[in-house]
Amino acid sequence: MSILEVRNIRKTFGNIEVLKGITFTLEKGGVLSVIGSSGSGKTTLLRCLNFLERPDDGVITVKGEVLFDRNDPKTLHESQIRRKRLHFGLVFQSFNLFPQYTALQNVMLAPELFMKENHTWNAEKARLADEAEELFVQIGLADRMNNYPHQLSGGQQQRVAIARALIMHPDILCFDEPTSALDPELTGEVLKVIGKLSEQNTTMIIVTHEMEFARDVANQVIFMDGGVICEQGEPHELFGNPKEERTKQFLMRYNQK
Amino acid sequence: MEVIIQQLPIVIHALNIGFMQTLKLFAVTLLGAFPLGLIIAFGSLSRIKIISMTTGLFIWIIRGTPLMIQLLIVYYFPGLVLHNPIWGGGESGRFMAASVAFVINYSCYFSEIYRGGIQSVPVGQQEAGLVLGMTKKQIFFHVTLLQMIKRIVPPISNEIITLVKDTALARIIALQEIIWAGQAFMKGSYNISGAIWPLFFTAFYYLVFNGIVTVMLAGLERKLDYFR
């Protein structure tokens with residue numbers, strides 16, 4: 001069974017229809033790369049999945065539970081959104097670390113508040129701290145845990161942002177152009193961390209402009225154009241032998257760069 | 001000169017009493033206007049049109065009219081127009097009326113500074129909190145608030161320094177603050193009359209006190225310098 005089913009997601013801003021009916025599924029442990037030019041709706045799609053935007057139509061199902069169905073009012077309650085969001089994690093293009101907290105505090109804040117709310121903080125505090133430290137080892141920043149974001153490079157900040165998302169144990173981790181705000185020499189370290197996650201069977205959706213990375217890390221690729229999925233398939237198929245004219249043109253533009 | 005030296009201890013004594021009243025009004029205004037300003041800021045940021053518009057109208061009236069007039073209205077309106085002198089007579093009644101007028105006035109100025117501070121925190125900060133499953137309240141207190149405070153310290157400092165001097169306006173309803181005490185020596189107070197220098201001398205109190213305030217606020221600004 002698919003871990004995620006997205007059916008006919010539509011989203012309009014003003015009178016511009018940004019998503020014109022997006023449908024796809026994702027298997028547990030699968031990695032989906034979403035490529036396409038700017039303005040094709042990739043980011044809006046991720047924002048809909050994370051409930052930062054409410055789709056105008058469509059159904060989102062995770063692990064068999066319908067999280068969102070435009071035609072079922074029971075799934076639209078504001079009060080439920082917070083719990084539903086936790087199925088997804090989101091890593092932003094601009095990191096969005098909290099500047100007043102150290103890297104470690106950034107990672108610990110959300111679970112700490114969550115545990116305090118549920119009165120499990122005292123029981124779980126030690127376990128959480130251990131887990132956070134393990135995550136810092138995993139992202140290769142064990143020695144920078146106590147630095148503030150402004151003391152870290154962009155690549156390091158983005159790795160902390162990944163750890164911050166991971167500690168909430170999302171079913172599906174989304175990346176919104178995770179390396180687009182980075183200097184070219186810093187993208188590698190972030191992509192390496194994401195690559196390692198895919199080896200550990202983390203279910204991920206990655207919106208990216210790094211074509212080579214999209215091809216290597218994913219087992220499924222979607223090419224979006226003008227708010228629709230223009231073509232989808234396995235990476236070697238879509239990159240090696242694109243069927244649609246628009247996909248060919250898009251990939252050609254990238255190869256020229 | 002000799003006369004001044006003779007009068008000095010008495011004048012200092014009287015001015016100190018007046019200055020205590022100044023400080024009291026200053027402190028009460030800050031304590032009231034800091035939280036009330038935040039509530040007004042939320043009002044003007046409200047997505048509910050009627051709330052944001054009413055708040056905007058209120059801020060416009062308060063910022064658009066002189067604090068001196070507001071003091072007079074707050075003090076005299078209940079008694080002279082409504083025939084219900086809620087403030088009573090005496091210094092404590094005047095202090096209450098002055099406090100109310102000052103808190104309302106300064107809340108409106110603070111609210112606009114808060115509003116700017118809240119809006120200047122990037123929306124990505126709030127979104128980062130949301131996708132981590134934090135509530136709006138948690139996000140405000142644990143993410144936005146400190147970043148907002150950092151941004152508003154310089155403009156709030158300006159208002160606080162202005163407030164120190166604005167307290168002198170309360171003299172219009174005969175609150176016995178330091179300028180009132182200084183001026184009293186012209187008409188006659190403690191057997192001294194016709195002396196204008198005590199009035200001029202009050203400036204020294206403001207100057208020293210504002211020096212202390214400035215140093216403290218600069219300290220706070222430095223303290224928040226550890227993040228960007």
Side-chain angles (χ1 to χ4, degrees), chain A residues 43 46-47 49-53 78-79 81-103 105-118 147-152 157 160-161 163-170 172-176 181, chain B residues 34 38 41-42 45-52 113-157 216-228:
Chain A
T43 295
L46 287 193
R47 291 175 63 85
L49 293 179
N50 282 276
F51 295 89
L52 291 177
E53 306 288 351
E78 276 290 322
S79 56
I81 284 185
R82 190 176 163 220
R83 182 185 62 78
K84 291 173 181 174
R85 269 199 186 107
L86 289 173
H87 287 289
F88 295 89
L90 179 59
V91 173
F92 298 87
Q93 181 177 348
S94 49
F95 332 134
N96 295 350
L97 291 183
F98 307 131
Q100 71 267 43
Y101 296 121
T102 63
Q105 289 167 336
N106 262 278
V107 172
M108 300 263 291
L109 180 67
E112 180 178 335
L113 291 174
F114 193 81
M115 286 170 184
K116 281 181 175 161
E117 223 181 314
N118 296 302
N147 284 92
Y148 287 94
H150 76 270
Q151 298 166 322
L152 301 173
Q157 288 188 51
V160 174
R164 183 174 71 171
L166 283 172
I167 204 160
M168 298 307 289
H169 304 290
I172 300 138
L173 183 52
C174 305
F175 293 84
D176 185 14
Chain B
F34 276 143
L38 196 57
F42 284 136
L45 284 169
S46 173
R47 254 174 288 173
I48 304 163
K49 261 263 145 57
I50 184 86
I51 295 179
S52 63
I113 295 174
Y114 289 152
R115 189 172 62 88
I118 291 171
Q119 285 175 329
S120 74
V121 176
V123 66
Q125 290 289 308
Q126 195 181 343
E127 290 181 348
L130 286 176
V131 297
L132 290 167
M134 289 162 69
T135 62
K136 290 222 163 115
K137 197 170 140 201
Q138 287 172 337
I139 292 170
F140 179 75
F141 284 106
H142 295 274
V143 176
T144 315
L145 184 62
L146 194 63
Q147 296 183 51
M148 168 191 128
I149 289 174
K150 182 184 168 73
R151 285 170 169 83
I152 65 172
V153 167
I156 286 277
S157 300
M216 281 169 58
L217 289 169
L220 177 62
E221 216 176 315
R222 258 198 319 279
K223 221 180 158 87
L224 291 172
D225 228 19
Y226 76 92
F227 71 89
R228 278 182 206 150

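Throughout, protein chains are lettered first and strands after them, A, B, ... in sequence-line order, and every chain is numbered starting at 1.
Taking CG from A:Leu86 and CE from B:Met134, the interatomic distance works out to 11.5 Å, rounded to the nearest 0.5 Å. The CG atom of A:Leu97 sits 13.5 Å away from the CZ atom of B:Phe227 when rounded to the nearest 0.5 Å. Note that CZ of A:Arg85 is 4.5 Å distant from CG of B:Leu130, once rounded to the nearest 0.5 Å. Taken from OH in B:Tyr226 to NE2 in A:His150, the straight-line distance is 10.5 Å, to the nearest 0.5 Å.
A:Pro99 has its side chain within reach of B:Gln125: a pair of non-hydrogen atoms, C-beta onward, lies under 4.5 Å apart.
B:Glu127 places no side-chain N or O within donor-acceptor distance of the main-chain N or O of A:Phe92, the cut-off being under 3.5 Å. For the pair A:Gln100 (side chain) and B:Val143 (backbone), a donor-acceptor distance under 3.5 Å is present. The main-chain N or O of B:His142 is found under 3.5 Å from a side-chain atom of A:Tyr101 such that the two form a donor-acceptor pair. With A:Arg82 contributing its side chain and B:Gly133 its backbone, the two residues share a donor-acceptor pair below 3.5 Å.
Atom NZ of B:Lys136 sits in a sparse spot, with 12 or fewer heavy atoms from other residues, nucleotides or ligands closer than 6.0 Å.
Proximity to chain B involves both the backbone and the side chain of A:Arg164, based on heavy atoms less than 4.5 angstrom apart. With a 4.5 angstrom heavy-atom cutoff, A:Gln151 does not touch chain B via any of its atoms.
Between B:Ala128 and A:Phe98 the shortest heavy-atom distance is CB-CE2, 3.9 Å.
Looking only at heavy-atom pairs under 4.5 Å with chain B, the residue among A:Ile81, A:Ile167, A:Leu90, A:Leu52 that has the most is A:Leu52.
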